[in-house]
Amino acid sequence: MTVPKYKRVILKLSGEALAGEIGYGIDPTVMQSIALQIKEVVAQNVQVAVVVGGGNIWRGIAGSAKGMDRATADYMGMLATVMNALALQDALETENVDTRVQTSIEMRQVAEPYIRRRAMRHLEKGRVVIFAAGTGNPFFSTDTTAALRAAEIEADVILMAKNNVDGVYTADPAIDINAKKYDELDFMDVINQGLAVMDKTAVTLCMENHIEIIVFNISQVGNIMKVVLGDKIGTEVRRNNHE
C-alpha cells in the first residue's frame with residue numbers, strides 16, 4: 001500500500017450523496033459503502049473528520065423560496081444534518097470504527113457539543129469525528145462549515161464527495177455534451193467563473209487559509225482511498241504556486 005499523501009482530512013458529504021439513487025432520505029446500502037471506505041482510510045492511520053449536509057431530508061433555501069422564514073428554514077436544515085450524522089455514526093460503528101458526532105447546536109442526549117480541542121484529540125486517537133448542524137448559524141452552508149472546520153482543526157485537504165459527478169466541468173456535463181473536465185483549478189478561477197465547487201464564502205475561506213479542495217465521485221467505490229493516496233482523480237482546487 002502506498003503511503004497516504006494526507007494525514008488529516010475533512011470529507012464533505014452532501015445529503016444527496018447519502019440518498020443514492022433513491023433521491024431522498026437515507027439509502028442504507030450507500031451508507032454502508034461510505035462507512036467501509038472510511039474504515040479503509042482510517043486503517044491507514046489517516047485522521048478523518050466528516051461534514052454532512054442535509055439536502056436529502058430538508059433544504060433551507062427551498063423552504064425559504066416557498067415563503068418560510070429563512071433563518072427557521074436553515075435551522076431545520078441543520079437538524080437534518082444531525083439525522084444524517086447519527087445514521088453515518090451507526091454505520092461506522094457497525095463496522096467497528098470508533099466515531100463521535102459533534103454538533104454546533106447543543107443536543108447532549110445524542111451528540112457532543114462542538115469543541116475544537118476535543119475534536120482534535122478524538123482524531124489523534126484514531127476516531128472519526130462527524131461535524132453536524134452546520135456552523136450553528138443560519139445563512140451559512142455546510143460547504144462553509146467544511147471550510148471553517150478544516151481551518152480550525154488544521155486539516156490538510158477537503159475531499160468534496162459528489163454523487164455521480166467526477167470533478168468540476170466547464171458546464172453541466174449532463175446537459176452540455178461538450179463540457180470539459182478540469183484536472184486542476186486555482187481558487188480565483190472558481191470564483192471568477194462561478195464554477196460549482198463550493199459557495200463563494202467557502203471557497204474564499206479555503207483560499208485564505210491555503211486549504212486544498214479535491215472534488216471527486218464518491219459513487220465509485222474506493223475513490224476516497226485513491227484521493228487520500230494522492231491518485232489523480234477528480235479536480236484539484238488550490239492556490240497556484242506563483243501567487
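Below, each value reflects all heavy atoms present in this structure, side chains not excepted, and no hydrogens, waters or symmetry copies. Throughout, numbering of the chain's residues begins at 1 and tracks the sequence.
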Residues passing the salt bridge (Lys or Arg N to Asp or Glu O under 4.0 Å) test with R108, sequence neighbours excluded, are E106

Within the structure provided, determine whether R121 and R117 are in side-chain contact (heavy-atom separation under 4.5 Å).
no

Minimal heavy-atom distance between P138 and A71, with the atoms involved, is CB-CA, 3.8 Å

Residues pairing under ring pair (Phe, Tyr, Trp, His ring centres under 6.0 Å) where one sits in residues 90-117, two or more places apart or in two chains, turn out to be Y114-F131

Q) Is there a donor-acceptor contact under 3.5 Å from the side chain of S33 to the main chain of T29? A) no

Contacts satisfying side-chain hydrogen bond (donor to acceptor under 3.5 Å, both in side chains) that involve residues 166-176 (not counting sequence neighbours) are D166-Y169

Cluster membership besides I177, Ile/Leu/Val/Met/Phe/Trp/Tyr side chains within less than 4.5 angstrom, sorted by chain and number, is none

Applied to residues 135-146, the salt bridge (charged side-chain N to carboxylate O under 4.0 Å, His left out) test, sequence neighbours excluded, yields K12-D143

Please tabulate, one pair per line, all N/O donor-acceptor pairs under 3.5 Å involving side-chain atoms of residues 153-162, not counting sequence neighbours.
residue : atom : partner : partner atom : Å
D156    : OD2  : K7      : N            : 2.8
D156    : OD2  : R8      : N            : 2.9

* Keeping the roles fixed (side chain from N223, backbone from N217), state whether a donor-acceptor pair exists under 3.5 Å. => yes

Short question: side chain of T135, backbone of F140 - any donor-acceptor pair under 3.5 Å?
no

Main-chain N/O of V227 paired to D231 side chain as donor or acceptor, under 3.5 Å:
no

Contacts of E112 meeting side-chain contact (heavy atoms from CB on, under 4.5 Å) (sequence neighbours excluded), chain-then-number -> R100, Q102, R118, H122

### Query
Can you find a heavy atom in the side chain of Q47 that is under 4.5 Å from one in the side chain of M120?
no

Pair up each side-chain donor or acceptor in residues 201-215 with any protein partner under 3.5 Å, not counting sequence neighbours, and list the distances.
residue : atom : partner : partner atom : Å
T204    : OG1  : K200    : O            : 2.8
N209    : ND2  : L205    : O            : 2.8
E212    : OE2  : Y6      : OH           : 3.4

Those residues at least two apart in sequence (or on a different chain) that pass side-chain contact (heavy atoms from CB on, under 4.5 Å) with K39 are E95, V97

Residue set satisfying side chain to side chain donor-acceptor pair (under 3.5 Å) with Q89, at least two apart, ordered chain then number -> none

Open item on the list: Determine whether a donor-acceptor pair (N or O, by modelled atom type, separation under 3.5 Å) exists between the side chain of T103 and the backbone of A111.
Closed with: no

Check your understanding: If you count the non-hydrogen atoms of other residues, nucleotides and ligands that lie under 6.0 Å from CD in E124, is the total more than 12?
Key -> yes

**Message:** Using only atom types and a distance under 3.5 Å, with no angle test, would you say the side chain of T235 pairs donor to acceptor with the backbone of G167?
**Reply:** no

Item to check | Close side-chain approach of N56 and Y24, heavy atoms under 4.5 Å | outcome: no

Contacts satisfying side-chain hydrogen bond (donor to acceptor under 3.5 Å, both in side chains) that involve residues 69-82 (not counting sequence neighbours) are D69-T72, R70-D74

Sequence neighbours excluded, the answer for side chain to side chain donor-acceptor pair (under 3.5 Å) partners of S14 is none

task = Report the C-alpha separation of R149 and T144 in whole Å, then their side-chain angles, then the decisive distance to 0.1 Å, and conclude whether the side chain to side chain donor-acceptor pair (under 3.5 Å) test is met.
result = CA-CA 8 Å; R149 295 289 180 258; T144 299; over 6 Å; no

